[in-house]
Q: 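First the structure, which I've put down as structure tokens, then a few questions once you've had a look.
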Amino acid sequence: MDNRIYLSSPHMGETEQTYVSKAFETNWIAPLGPNVQEFEIAIEDYLGNKKNVAALSSGTAALHLALILLGVSSGDEVLCQSMTFSASANPIVYQGATPVFVDSEHTTWNMCPDLLEEAIRDRIKKGKKPKAIIAVHLYGMPYQVEKLQAVAEKHGIPIVEDSAEALGSTYKGKMCGTFGTYAILSFNGNKIITTSGGGALVAPTLALKQRAVFLATQARDEAPHYQHSNIGYNYRLSNICAGIGRGQMEVLPERISQRRKNNSRYAEIFRNVEGVSVFTEPDGDYFSNHWLSCIQIDKNKTGFTPEKLRLALEAENIESRPLWKPMHLQPVFKDAPAYTNGISEEIFSKGLCLPSGSNLTAKDWERIKIVLGQFV
Ligand SMILES: *Cc1c(COP(=O)(O)O)cnc(C)c1O
């Protein structure tokens, strides 16, 4: 059997090990140290727009801290994109709050601005104004930034921008990760760059970044002994992982162009296939890092289902995967309120994520093309 081709696997550059070795040589084997600071600066420089970045142990931890800093607590409601990975929604529940899910629109697959407006009005009518909105740039595709912001601002509700999949994506030339009141990034093993596990919170001010770091390092008050006035967390990124991150930031532009090339290749393969569409930007305002390349299969036109294609790829040891199953369809969230329009459910049922790593080789592509060739 040939080697497994993964959906999205880690792809190291040349300097990661140097930074990690330096951490060993200087014995900075801790959740602080020079790599952590330098990694944060590299992300801040990359994002621009005077943002303040705190490197954390995961994107999920970053979301949790964002909600804490926005004052989300027991009994509150938080609006959340339904079409996403569960980590977007779980931190709402960590805070004892209730997620209220909002369905997608067709062009970016992300939160529908009209439905968001409807949801906010209805929640207010039912007696509670939502505390925050978690909007996601799914698969690297920016959400409808201006429309969502307009709705959020009109009602005075902050946006937590889940940019876990969208580092390097832009809307009208501005970086994803700079739009929300807070934004989060992920450096999990499957993301466009990785620290093995890690994430970051993008905060609007230095003081709020410092507050996040304080909470992320067990909330120790200023005192020689251990003194606590707040509940703390152990959410800081280690200096070892941050060393990997510094090296990865150096190759990020290359990784984006490699992932985008994957998307173009799939577009070429399926160009003349009726019933298959490759997910890409609706217009020039949007620039996706194409973290994962996804297709939609209309089985009435193609005569095959996404699952049939998935199994054919699997038979050749090639990984592919259905899209994120919407949160309002998840057993764990079955009792959560949801504002739906059928779009995320339709996209989910027709969708498949194809191998999208920046490290796919020419031989990998040959194998992928042979299987896809049976379907085009
Ligand atoms: C990966 C991911 C997260 C969580 O990031 P971790 O670093 O894995 O905790 C959150 N939201 C989305 C949309 C993601 O894809």
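Counting convention: from 1, in listed order, for ligands and their atoms alike. We number each residue from 1, following the sequence as shown. Every heavy atom of this structure was used, including side-chain atoms; hydrogens, water molecules and symmetry mates were not.
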Q: Report the residues that fulfil salt bridge (Lys or Arg N to Asp or Glu O under 4.0 Å) with Arg211, sequence neighbours left out, ordered by chain and then residue number.
A: none
Q: How far apart are the closest heavy atoms of Ala152 and Ile133, and which atoms are they?
A: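 What the structure gives for the nearest pair is CB-CD1, 3.8 Å.
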Q: Could you work out, with side-chain contact (heavy atoms from CB on, under 4.5 Å) as the rule, every residue matching Glu254, not counting sequence neighbours?
A: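 side-chain contact (heavy atoms from CB on, under 4.5 Å) check on Glu254 returns Val251, Gln258.
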Q: Strictly under 6.0 Å, is that where the ring centroids of Phe101 and Tyr339 end up?
A: no
Q: Mind checking what makes side chain to side chain donor-acceptor pair (under 3.5 Å) contact with Tyr235, not counting sequence neighbours?
A: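 For Tyr235, the residues satisfying side chain to side chain donor-acceptor pair (under 3.5 Å) (neighbours in sequence not counted) are His64.
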Q: Please report the C-alpha distance between Tyr233 and Tyr94 in whole Å, then the side-chain angles of each, then the deciding distance to 0.1 Å, and finally whether the ring pair (Phe, Tyr, Trp, His ring centres under 6.0 Å) criterion is met.
A: CA-CA 12 Å; Tyr233 302 86; Tyr94 301 166; 9.3 Å; no
Q: I need the contact residues for ligand 1: any residue with a non-hydrogen atom closer than 4.0 Å to the ligand, ordered by chain then number.
A: Ser58, Gly59, Thr60, Thr84, Phe85, Ala87, Ser88, Val136, Asp162, Ala164, Glu165, Ser186, Asn188, Lys191, Gly198
